[in-house]
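Shown next, in structure tokens, is the structure this report addresses.
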Amino acid sequence: MATVIEGCAIATVDDARREIADGHLVCADGRIAAVGPGPAPHVPDGARRIDGRGKLATPGLVNCHHHLYQHATRGYAQQATLFEWLVALYPVWARIDDDVVDAAARAGLAALARSGCTTSTDHHYIFPRHAGDLLAVEVDAARAIGLRFHPCRGAMDLGRSKGGLPPDEIVEERDAILSACSAAIDRYHDPEPGAMVRLALAPTSPFSVSGELMAETAELARARGVRLHTHLAETDDEEEFCLERFGKRPLEYLDSLGWLGDDVWLAHCVHLDEGETRRMGDTGTGVAHCPTSNGRLGAGIAPVASLLAAGAPVGLGVDGAASNECGELLDELRAALVLARVSGGPTALTARQALELATREGARCLGRDDELGHLGPGALADVALWNLGEPGFAGIEDPVAALAFGPTRAVDALLVGGDPVVLDGELRTADPETLAAGLARQSARMRVGR
Ligand SMILES: [Zn+2]
């Protein structure tokens, strides 16, 4: 069914950064058919009409880093550093199974939808032998909630006995990992335009994965035409680990394994020096900036302005909900905006740049910027419509400033490929109470034995 929205402000975030004070959007066959000022020049027969008065339309937000299963382990290790937090949580995570991941993924994806997200990645890296097919569970959850989904097949092969951080019982063998990665590409990766599911390969981090697995994963990804993702330069502890074990700083280590390039995006990148920031830009390597998680773990904050100046793609990520209990993406837009200014002053990042991080820059990280992250004829009809008519926004003239600096309210309508996931402020693809009850039940199961 076609959808027509009229009477709204529109921030297209297109190449010209066109903004329209009072305009229309027409979505048909999964794509934007028309966008411009005034009422729609043509309304397709039987189209769904949405009254956009008092609202702002933006491209749907893109979430570049997540661990959905962590929705079932929120509130743990509240004063811990990353390594302390991981050591506390690995034994809990060792107990996950398909029921836990199903409830967590549905609740997490619903939270993202309510915060304007239309495309999400997920980095899943714990595959206990008893747990069932966890990748299949989360792909099914994304289909049910209705979001575009880029699952990343994660992996850990460097257990404690080999000098890594995770306990041996939750790491896998290298050969088994590589064949599981290959099978996941066969099963889920859709390279076609308009894809709802695309896979990436994502060994977890330098302190939980061998150099051999990193290098072989990069070879496999490039042979198969899928993207690469991992965590990097998140904390000082990681830097110390890399210097001690490899004699290299984290980015230098990754570079030596052939891991930098425009088919790679990295979560965090908090601890980069100036030369490393330039290297990110020169190689076109993307960053998933996760400001709330970095704040929760006291890790520091990524040099976003320098990365953008260097030309590196910088998207936003909520990160797993065990280090960001909120898990909503509009909050990351806000956090990125204000935290960039804490050290860089009030010109470090603008409201419009923050919106770009959440949309077109995120799409660039995922290699989807040809058809996602902007609103123009031919782009996918992934649209967030924000209700700025609520009292909390009263009197703010600039709608983009209202969105970025005003109350972080739930989205009014959310379309993915033109299909409604949220309408009139309500999730239409699942019942939030049922999701919450399922999540509470599985979270209680996870606490047993703690
Ligand atoms: Zn993460």
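Numbering of ligands and ligand atoms starts at 1, following listing order. Residue indices begin at 1 and follow the sequence shown. What you are looking at is a predicted structure, and each value in this text was computed from that prediction instead of being measured.
A salt bridge links Arg106 and Asp102; the closest N-O separation between the charged side-chain nitrogens and carboxylate oxygens is under 4.0 Å. A salt bridge does not link Asp273 with Arg279: none of the charged nitrogens is closer than 4.0 Å to a carboxylate oxygen.
The aromatic rings of Trp93 and Tyr69 sit perpendicular to each other, their planes meeting at more than 60°, with 30° as the lower class boundary.
Contact annotation: Cys290 places no N, O or S atom under 2.8 Å from the Zn ion (ligand 1). One of the N, O or S atoms belonging to His231 lies under 2.8 Å away from the Zn ion (ligand 1).
In this structure a side-chain-to-backbone donor-acceptor pair under 3.5 Å is present from Thr230 to Pro203.
Between the NE2 atom of His65 and the OD1 atom of Asp319, the angle taken at the Zn ion (ligand 1) works out to 90° after rounding to 10°.
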